[in-house]
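For reference, the structure discussed in these notes is given below.
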Amino acid sequence: MEAVRPDGGERGTAAPRAEERPAPEARVHFRVTRFIMEAGVKLGMQSIPIATACTIYHKFFCEINLDAYDLYLVAMSSIYLAGKVEEQHLRTRDIINVSHRYFNPGSEPLELDSRFWELRDSIVQCELLMLRVLRFQVSFQHPHKYLLHYLISLKNWLNRYSWQRTPISVTAWALLRDSYHGGLCLRFQAQHLAVAVLYLALQVYGVEVPAEGEAEKPWWQVFSDDLTKPIIDNIVSDLIQIYTMDTEIP
Amino acid sequence: MDRDLLRQSLGCHGPALLSLLRSEQQDNPHFRSLLGTAAEPARGAAPPQGAGRKEKRVDNIEIQKFISKKADLLFALSWKSDAPTSSEVHDDNDNHYAVMPPLEQFMEIPGLDRRELFFRDIERGDIVIGRISSIREFGFFMVLICLGSGIMRDISHLEITALCPLRDVPSHSNHGDPLSYYQTGDIIRAGIKDIDRYHEKLAVSLYSSSLPPHLSGIKLGVMTSEELPLYYRRSVELNSNSLESYENIMQSSLGFVNPGVVEFLLEKLGIDESHPPSLMRGLQSKNFSEDDFALALRKKQSASWALKCVKIGVDYFKVGRHVDAMNEYNKALEIDKQNVEALVARGALYATKGSLNKAIEDFELALENCPTHRNARKYLCQTLVERGGQLEEEEKFLNAESYYKKALALDETFKDAEDALQKLHKYMQVILYFLFEI
């Protein structure tokens, strides 16, 4: 088993990050998780199965060296496994078709020949390998459910007109989905991620929670007792960092 | 671009954001006009308290850079949710999701602020629930307990009263005072008819005409305490046990473990999973081609695989291996149920073997899927005529006639069908002649 990453594997750590540019490994993972997310959309996957696929992928490479296996095969198997775990079953045939097209744009679909069957076998075998590496713990608590409830609570407190004209829900959901390009899901608690993403969405549009200054407890503290402002800042900072990789990588 | 939204954001983050926006979005035509006028400070926006402002400044630079980079997405008019804009009635169960006590209760916001915000946010047509406090000749007063639709607020301790004038009380009998039906202490469900926000006065009505059309089915008037909305009951529980946390209440709620909770709430909030939102440039799903999606690829692939089987089948057919040919055609149709080539080939095989009805079925299905398929049409006509001939021999003349007519309907130039039909008509005339002569 690989050693824990130097940037802190402990949950909820408030220590500030030292490095400015993301590590080269992070950029590789960014590219592959981008593939997972794009393939996920083309396969009609919901947000949570896609999140599971990315989490499985990230967790796998916490245990295994980057050079040990073909990254994209691991990604495809993550998708396949996630579909099973989250009850949105996907056929290997569709995964292969979408992936093949991703790597060979405009190509004809694969023929039903030995190469196809070999690809399929690879996915299935990789799936078993991943299950064993992850000790069959492939079910996760995702921030999504929490975020949705927080949004409903906030919606009732905000002015109706203000809520309608400000796309807080959509932005928060987008931020949460995009966060899976990095390993935030492994480093922070689900509730904390949900709050942080909501916090950033409110900041973006300059929305103030009514009577925030007069409250005994800030809204984000209400949602999660053990959350602190430094943790929120940490998550927001990491999340924005992830977006910078989008523009750097061709 | 949404001007108001942009102004709101600039009002919060200040001139630093404006200059960042100007540099990041300089190539974007939508912003050029906006950023000129948006330089005015936001009107009516009161600056927050000193301490809060200072705290915001620390994070701000990173966030501001982020906003400026993604501004073309964040402030686009298309970046909105399709949330249902009409207000909904509050549930009295938590089957779908965890119904929570109001947020302000957890935040412990002072009553004065809650009251102020209530009168700012209440709208005509909202359903309110309260207890009758006194009955006069001109109507009755009620103290509000909670809201029945729209927003969920904690108002039970705010002592907000509303007046229900006599004219807004429907009568329950043909004579007598409509008000005599009511007693102090009754729990009433009513619709907000009039609001004086400045003087904090409310007028309600018990007529469903005071409610918006989609809520007009809700029964107004006396109700029982069992019918009180769940959010209120939870709010009361929280009051008696104020140390209970949001998280605990949420996790112990039945709705939280509902497998369909995510789907339900997504719809309630207007977030569309079929075109999922993203702030990554490369993940804008509107840029994805439909041809790259799984379904389209599968269809194309199935058609291609099926065609291969058909080709093999046709080769078998040509050397007389009919059983093997049939197997290939069936295989093809298993892969691609409506494959036109497979249907035509199988139909031809059926016709050769004499199973004319099955052949006709296959040809008709093929023609349905591809009306321009020449062979399908040709073979279908030929087989229809052949079948007609069989029926003639069995003396089922009317039946035969319909087959010939059908063939002609498909191809009016088909000579064999024309000849067969004429021959049949002549024969039928002869018979009729004899029948009438006898």
Side-chain angles (χ1 to χ4, degrees), chain A residues 34 37-38 41-44 46-48 93-94 97-98 101 109-112 144-145 148-149 151-154 156-157 159-160 164-167 169-171 173-175 177-178 191 200 203-206 208 210-211 213-219 222-225 233 236-237 240 243 246-247, chain B residues 4-5 8-9 11-13 48-49 52 59 62-63 66-67 74 79-81 85 97-98 100 102-104 106-110 113 117 120-121 123 151-153 245-247 250 261-262 265-266 269-271 273 276-283 285 288 292-294 297-298 300-301 304-305:
Chain A
R34 164 58 54 89
M37 301 198 61
E38 195 173 318
V41 173
K42 292 175 179 170
L43 286 160
Q46 309 278 312
S47 291
I48 292 191
R93 179 177 164 189
D94 292 321
N97 283 344
V98 166
R101 183 93 169 181
L110 287 171
E111 289 300 321
L112 193 58
H144 302 70
K145 206 157 53 161
L148 291 171
H149 282 90
L151 282 166
I152 295 279
S153 285
L154 206 57
N156 280 298
W157 181 233
N159 173 261
R160 253 175 289 207
Q164 246 169 48
R165 70 159 207 220
T166 317
S169 306
V170 174
T171 303
W173 196 251
L175 288 167
R177 279 179 65 101
D178 293 339
Q191 295 92 317
L200 181 54
Q203 280 279 304
V204 159
Y205 294 111
E208 270 182 44
E214 285 73 37
E216 286 294 315
K217 230 181 183 184
W219 62 269
V222 167
F223 289 142
S224 181
D225 285 327
D233 294 336
V236 167
S237 178
I240 293 180
Y243 281 99
D246 185 25
T247 47
Chain B
D4 293 325
L5 220 47
Q8 185 177 280
S9 185
C12 172
H13 294 277
Q49 301 304 325
D59 309 326
E62 251 191 343
I63 295 180
F66 176 72
I67 299 174
L74 291 167
W79 186 258
K80 296 270 186 201
S81 62
T85 44
Y97 71 101
M100 300 297 296
L103 183 58
E104 68 266 30
F106 291 98
M107 286 170 77
E108 295 177 47
I109 290 184
D113 298 284
L117 290 164
R120 184 193 70 172
D121 296 339
E123 297 288 342
I151 41 181
M152 295 192 226
R153 294 284 173 94
S245 72
Y246 183 98
E247 170 128 2
M250 182 171 64
V261 65
V262 172
L265 288 178
L266 282 171
L269 291 162
I271 301 173
E273 286 268 69
S278 171
L279 289 166
M280 291 283 184
R281 299 277 163 203
L283 278 180
S285 59
F288 292 164
D292 293 337
F293 279 62
L297 289 170
R298 174 179 274 262
K300 210 167 151 199
Q301 193 181 49
S304 161
W305 288 358

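Order of the sequence lines sets the chain letters (A, B, ...), proteins ahead of strands, with each chain counted from 1. Just so it is clear, the structure is predicted and the values come from calculations on it, not from any experiment.
- Your options are A/His144, A/Arg101, A/His149, and the one with the most heavy-atom pairs under 4.5 Å with chain B is A/His149.
- For the set A/Leu148, A/Val98, A/Asp225, the entry with the most heavy-atom pairs within less than 4.5 Å of chain B is A/Leu148.
- Inter-residue side-chain proximity for B/Pro276 and A/Val41 is flagged as met; some heavy-atom pair is nearer than 4.5 Å.
- The structure places CG of B/Leu269 at 4.0 Å from CD1 of A/Ile152, a figure rounded to the nearest 0.5 Å.
- Interface remark: of the candidates B/Gly282, B/Ser304, B/Ser285, B/Gly282 forms the most heavy-atom pairs closer than 4.5 Å to chain A.
- Ion pairing of B/Arg298 with A/Asp94 is present here, as a side-chain N (NZ or NE/NH1/NH2) and a carboxylate O approach within less than 4.0 Å.
- Using a 4.5 Å cut-off between heavy atoms, B/Phe288 contacts chain A through its side chain alone, with no backbone atom that close.
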Give the C-alpha distance, both sets of side-chain angles, the deciding distance and a yes or no for side chain to side chain contact (heavy atoms under 4.5 Å, CB included) between B/Glu273 and A/Trp173.
CA-CA 10 Å; B/Glu273 286 268 69; A/Trp173 196 251; 3.4 Å; yes
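- For a residue to count as touching a neighbouring chain, one of its non-hydrogen atoms must lie under 4.5 Å from one of that chain's; by this rule B/Ser278 touches chain A with backbone and side chain alike.
- A/Asn159 touches chain B through backbone and side chain together, each having a heavy atom under 4.5 Å away.
- Within the cation-pi definition used here (under 6.0 Å to the ring centroid, within 45° of the axis), A/Arg93 qualifies as a partner of B/Trp305.
- Contact annotation for B/Leu117: only side-chain heavy atoms (C-beta onward) come within less than 4.5 Å of a heavy atom of chain A.
- Checked for salt-bridge contact, B/Arg281 and A/Asp246 miss the test: no charged N lies under 4.0 Å from a carboxylate O.
- Only the side chain of A/Leu200 has a heavy atom closer than 4.5 Å to any heavy atom of chain B.
- Between B/Leu5 and A/Pro167 the shortest heavy-atom distance is CD2-CD, 3.5 Å.
- The candidate from A/Asn156, A/Leu151, A/Leu154, A/Asn97 with the greatest count of non-hydrogen atom pairs under 4.5 Å with chain B is A/Asn156.
- Residue B/Ile67 touches chain A through its side chain alone, counting heavy-atom pairs closer than 4.5 Å.
- Contact of B/Asp292 with chain A is made through backbone and side chain together, with heavy-atom distances under 4.5 Å.
- For B/Met100, the part lying near chain A is the side chain, with the backbone staying farther off; criterion is any non-hydrogen pair under 4.5 Å.
- With a 4.5 Å cut-off on non-hydrogen atoms, B/Met250 touches chain A through its side chain but not through its backbone.
- Here the shortest heavy-atom pairing between B/Leu103 and A/Ser153 reads CB-O, 4.1 Å.
- Of the listed residues (A/Lys145, A/Arg160, A/Met37), the greatest number of heavy-atom pairs within a distance under 4.5 Å of chain B belongs to A/Arg160.
- Residue contact with chain B, scored on non-hydrogen atoms closer than 4.5 Å, involves the side chain of A/Arg177 exclusively.
- The shortest non-hydrogen separation linking B/Leu279 to A/Thr171 is CD1-CG2, 4.4 Å.
- In terms of heavy atoms, A/Ile48 sits closest to B/Val262 at CD1-CG2, 3.7 Å.
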Do B/Gln301 and A/Glu111 pass the side chain to side chain contact (heavy atoms under 4.5 Å, CB included) test, and can you show the C-alpha distance, the side-chain angles, and the key distance before you say yes or no?
CA-CA 8 Å; B/Gln301 193 181 49; A/Glu111 289 300 321; over 6 Å; no
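- Scanning both residues, A/Gln203 and B/Ile63, for their nearest heavy atoms gives OE1-CD1, 3.7 Å.
- A/Lys217 has no carboxylate O lying under 4.0 Å from a charged side-chain N of B/Glu104, or vice versa, which leaves the two without a salt bridge.
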Verify side chain to side chain contact (heavy atoms under 4.5 Å, CB included) between B/Gln8 and A/Arg165, making sure each step is shown before the conclusion.
CA-CA 11 Å; B/Gln8 185 177 280; A/Arg165 70 159 207 220; 2.4 Å; yes
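- Side-chain contact check for A/Ser224 and B/Glu247: no donor-acceptor pair (N or O, by modelled atom type) lies under 3.5 Å.
- The structure places SG of B/Cys12 at 6.5 Å from CD of A/Glu208, a figure rounded to the nearest 0.5 Å.
- Ring pair A/Phe223/B/Tyr246 is perpendicular by interplanar angle, where above 60° counts as perpendicular and below 30° as parallel.
- The two residues A/Trp157 and B/Arg153 make their nearest non-hydrogen contact at O-NH2, 2.9 Å.
- Residue B/Pro277 is tested with A/Val170, A/Asp178, A/Leu175 for a side-chain contact (heavy atoms from CB on, under 4.5 Å); the sole match is A/Val170.
- For B/Ile271, the part sitting under 4.5 Å from any heavy atom of chain A is the side chain, from C-beta outward, and nothing else.
- At a threshold of 4.5 Å between non-hydrogen side-chain atoms, the residues B/Phe66 and A/Val236 do not count as touching.
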